[in-house]
Amino acid sequence: MSIENVTIYPVSNIKKYLQTIAYIVVSVTLVVLAMPNTEKPILTYTIGEPWTSQQIISPGEIFIQKDPAVIQQEREELLKQDYFPYYNIRKSVGDKQIGAFMEKYADGADGISAYSMQIVANIMSSMYDEGIMNQTEYQKLIDSSPNAEIMLVKDNEATKVNIADVLTTKQAYEVLMTDPMLENVRTLLQGLNINEYLTANIEYDAKRSEQSKEDLTSIISTNSGVMKQGQEIINRGDIVTEEKARMIDSYNAFISTGSNRSAYQLFMHNGMQWLYVLMVIVLYMCYLHYFRKEYLSQNNSLIMLFTLLTIFPIINSLIVRWDPRSVYLVPICMVPMFVRVFLDSRSAFMTHTTIVLICSAIVPERFEYIVMQMAAGYIAICALREITKRSQIITTSASIALTCLVIYTLVKYLDNNALSFELLKHGYITIIINGLLLMLTFPLMFLVEKTFGFVSPVTLIELSDGNKELLRRLSEEAPGTYQHSIMVSNLASAIAQEIGASALMVRTGALYHDVGKLSNPVFFTENQNGVNPHTRLTPQESARIITGHVEEGIRLTKEAGIPTVLQEFIRTHHGKGMARYFYTTYKNEHKDEDVDEAPFRYKGPNPYTLEQAVLMMADAVEASSRSLKEYTEENITKLVNNIIDQQVKEGFFNECPVTFKDIATAKTVLIEKLKSIYHTRIAYPEESKG
C-alpha cells in the first residue's frame, strides 16, 4: 500500500474518538453491574387475583418455601420448650466486695469481734460462689414462668438451675442475717449496712444465649415440599392462592440465586447482558454520528447524554431489586424533557427510546413497560416543544401521569379481559407518585443547566428582560444601539421561526450582541448626535475602536455572568469581517501601498450555528437599511440581496449548518419585515375647490 492511500487523522479527532469510547465503556459497565443478576425478571403477583403472565414451569427441583409466619411460629414453640438463657457467675465481683468488707472490718466493729466478721465474710463468699442475681432481672424471669430455668456458667461449666433456687441481692441479705452462727450479733450487724457489700454477680451471656437459639432453630426446615422439574407452577388465568404465592416466591428465589445454572450458563447470561446494553448504546451513537454529529464534538452535550443514559437505568435496577412491581416509580420521562429543552426533539425521542430499551431488559412486564414509557415520552416531547413558563412542567407532568394511567388500564384489560381495583391499585399508586416526581424536573433543570453549561428557555426569557443591568445600561447610555438591538432581535427571531432555528435563543443573543458599544457609545453612528469623533482619528484608530466593541462585549458579559452561548453571539455577529468604511478610507489615502487588512478585521470566528448565522444576516441588513435614502420595495430588496450575497461570497457561512434554502427564506423574511417597518403613509388627495 502506498503512502498516498493512508488516511492521516488529526490528533484532536483521535482524542475525541477515544474519549467517546471511554464514555461508552464506563456507561455500559455501570449499567450492567447494577442489573439484577437473574436470567428472568422477578415475577410479581397479587394474592386473590388471576395470574396474567404466561405459564410457569419448574426448571429444576425447587424446594417450596414455608410461610414465614409458620416458620416463626415453629421457632417460638421450639424456643419455649427447649431454650434456656445463659448467665455467667463473675467471680471477680465477689472477690472485690469481700476484699473491701474485710479491709474495713478486719479488726471487728463496735461489739462485734473479728471472728464474727470472718464468719460474715465466709457466708458472703459462699453466696457469691452460688451466684447472686439482680432483682430486676430475677423478676423478669419469674414473670415469664415461675418454673423458669437458666443455664448458669461457673468456671466454664454450665449447669441448669431453676430460677427459684437463685438468690437475689435482697434474698442474700436475708440469708446472711438469719444464719444461726450470727444470732448473737444479728442486731449489731443490722446497723452496719452490710447490704452494700452484696452485689449481683450473675450476668446475662448474650453471645452464648444467641448461639443456643441458633443451634436449636437450625433444625427447623424452611421448606414445606418440593417441585419437580417440569412441574407446572401456575398457568395463565389461575387464581394466585397462598400456596401458589409460596411456589412463585420459591421460583423467584431459585432463579435469582442462579442455582439452576451452570458456570457456562452464568457466563453466557452475563455476557448477553453486556452485549445487549452495548448494542443498544452503539445504535444510539450511530444516530448521533449520522444525524447529530455536532453533539459528539460538544463535551457538555455528550457528557449530559451519557450521564442520563447511565443514571436512570441504574435507578431502575435498584427499584427492581427492591420491588419489581414498583418500576413505574422511576421518572424516566425526565430524560426526554431535559434533552428536549437543552438539545432537540429528535434527540429527546432517541435518548428516551434507548433508555427504555435498556430498562426493558430488567423489568417484569416488558411489553407493558415499553408501551407505557414510549407513550409517556412522546407526550413529554410534544408538551415541551417550546417551554416559556414554569407551569408547563406541572401541566406536562400531569399529562404524562394521566396518559400512563389510561394506557396502564387498557393494557391490564387486554391481558385479563377484566378489571378490578386490586389489580390496578399498586400500578395507579406508583404512576401517581411518578407524576409528582416529574414536577422536580424544573429545579433539577437548573442543576443540569449549571452542571453541563446549558441555557434553558426560562433562563433566556429572564435574560431578555429589559431591567437586566446590561440591557438597562444600554438603553440609558447608548439608546441608539439599544433600539438597533431590539430591531435586530425582532428580525432575527422572525427568520429563526421560519427556518426552524431557536427563535428565543437568537432573540436573546441579539439583545446582547452590541453591549460592547457601552465602552465608547459616541463612536457608533446610531448614538451620534451631529458630532462624529472619528474625524479626529486615523482610520486605523477608528477601526480599532469599532472592532474592539466585540472584545468589550465579551468582557462585560463575562463580568455580568451571561452564559457563554450568548457571548458567542457577540463574538460571531461580525465573524472575520472587516470595518470596510475605514479600510476603504485608508486604502484610498494610500493608493500606492499594499494595505494590511489585519488592523481593520474582526477577530471572529465566523458563525458556526444556525442561530449565529441568522443574527449576522439580520444585524448587517438592519444596520445598512438605515442608510437608504428611499424605502422602496426595489431598494429594500436590492439591499438585502446584496448584503447577504456578499456574506455568502466571503465565506461567512461555510462553518455553520445553514442551507441555501435557509438563506433564501431569510432574505424573504427580511424584505417583508423591512417593507412593513419603513412603509410610508400614502399621500391623501386634497379636496378641490370650486
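One is the number of the first residue; the rest follow in order along the sequence.
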Can you tell if the side chain of [X] reaches within under 4.5 Å of the side chain of [Y], non-hydrogen atoms only?
X: I461; Y: T508; answer: no
X: L470; Y: I562; answer: yes
X: L463; Y: P563; answer: yes
X: N467; Y: L471; answer: no
X: P607; Y: E655; answer: no
X: N299; Y: Q19; answer: yes
X: F569; Y: D514; answer: no
X: V488; Y: H513; answer: yes

Testing the 3.5 Å rule here: is there a donor-acceptor pair between the side chains of [X] and [Y]?
X: R366; Y: S360; answer: no
X: T557; Y: Y512; answer: no
X: Q72; Y: E76; answer: yes
X: T659; Y: D662; answer: yes

**Prompt:** What's the verdict on side-chain contact (heavy atoms from CB on, under 4.5 Å) for I393 and M445, showing C-alpha distance, side-chain angles and the deciding distance?
**Reply:** CA-CA 10 Å; I393 298 294; M445 191 179 295; 3.9 Å; yes
If you look at every heavy atom in [X] and [Y], which pair is closest and at what distance?
X: H426; Y: S326; result: CE1-OG, 3.2 Å
X: W274; Y: V32; result: NE1-CG1, 3.4 Å
X: P331; Y: N434; result: CA-ND2, 3.5 Å
X: P313; Y: C359; result: CA-SG, 3.8 Å
X: L405; Y: T409; result: O-OG1, 2.7 Å
X: T572; Y: M616; result: O-CE, 3.5 Å

**Prompt:** R292 and R346: side-chain contact (heavy atoms from CB on, under 4.5 Å), yes or no, with the steps?
**Reply:** CA-CA 9 Å; R292 292 293 184 268; R346 182 186 288 187; 3.8 Å; yes
Donor-acceptor contact present, side-chain [X] to main-chain [Y], <3.5 Å:
X: T351; Y: A348; result: no
X: Q497; Y: A503; result: no
X: E210; Y: A206; result: no
X: S347; Y: D344; result: no
X: D465; Y: K468; result: no
X: H352; Y: F349; result: no
X: R321; Y: M35; result: yes

**Prompt:** With I400, which of T403, T396, L402 fulfils side chain to side chain contact (heavy atoms under 4.5 Å, CB included)?
**Reply:**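 In the set T403, T396, L402, the residue that makes a side chain to side chain contact (heavy atoms under 4.5 Å, CB included) with I400 is T396.
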**Item:** Partner set under ring-ring contact (aromatic ring centres under 6.0 Å, His included) for F291, not counting sequence neighbours
**Value:** Y287
**Item:** With Y295 via ring-ring contact (aromatic ring centres under 6.0 Å, His included) - residues at least two apart
**Value:** none
**Message:** Atom CD of residue position E469 - does it have more than 12 heavy atoms of other residues, nucleotides or ligands inside 6.0 Å?
**Reply:**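 Result for CD/E469: open.
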Give every donor-acceptor pair under 3.5 Å between a side-chain atom in residues 446-453 and any protein atom, sequence neighbours left out.
| unit_1 | atom_1 | unit_2 | atom_2 | d |
| --- | --- | --- | --- | --- |
| E449 | OE1 | S456 | OG | 3.0 |
| E449 | OE1 | T459 | OG1 | 3.2 |
| E449 | OE2 | T459 | OG1 | 2.6 |
| T451 | OG1 | L447 | O | 2.7 |

Pairwise distance [atom1]([X]) to [atom2]([Y]) - rounded to 0.5 angstrom:
X: L511; Y: S489; atom1: CG; atom2: OG; answer: 4.5 Å
X: L460; Y: L566; atom1: CG; atom2: CG; answer: 6.0 Å
X: L491; Y: I486; atom1: CG; atom2: CD1; answer: 12.0 Å
X: M279; Y: M272; atom1: CE; atom2: CE; answer: 10.0 Å
X: I499; Y: K661; atom1: CD1; atom2: NZ; answer: 11.0 Å
X: I394; Y: T441; atom1: CD1; atom2: OG1; answer: 11.0 Å

**Request:** Output, in order, the C-alpha distance, side-chain angles, deciding distance and verdict of side-chain contact (heavy atoms from CB on, under 4.5 Å) for L296 and H289.
**Result:** CA-CA 7 Å; L296 294 175; H289 176 74; 4.2 Å; yes
**Asked** What pairs of residues pass the salt bridge (Lys or Arg N to Asp or Glu O under 4.0 Å) test when at least one of them lies in residues 301-318, not counting sequence neighbours?
**Response**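 For residues 301-318, and leaving out neighbouring residues, there are no salt bridge (Lys or Arg N to Asp or Glu O under 4.0 Å) pairs at all.
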Side chains of residues 302-310: which donor-acceptor pairs under 3.5 Å do they make with residues two or more places apart or in other chains?
| unit_1 | atom_1 | unit_2 | atom_2 | d |
| --- | --- | --- | --- | --- |
| T307 | OG1 | I303 | O | 2.6 |
| T310 | OG1 | S27 | OG | 2.8 |
| T310 | OG1 | F306 | O | 2.8 |

**Worked check of side-chain contact (heavy atoms from CB on, under 4.5 Å) between K16 and T20** = CA-CA 6 Å; K16 177 57 67 176; T20 304; 4.1 Å; yes
Could you go through residues 367-384 and list every donor-acceptor pair under 3.5 Å that involves a side-chain atom there, pairing it with any protein atom two or more places apart or in another chain?
| unit_1 | atom_1 | unit_2 | atom_2 | d |
| --- | --- | --- | --- | --- |
| E368 | OE1 | K412 | NZ | 3.3 |
| E368 | OE2 | Y328 | OH | 2.7 |

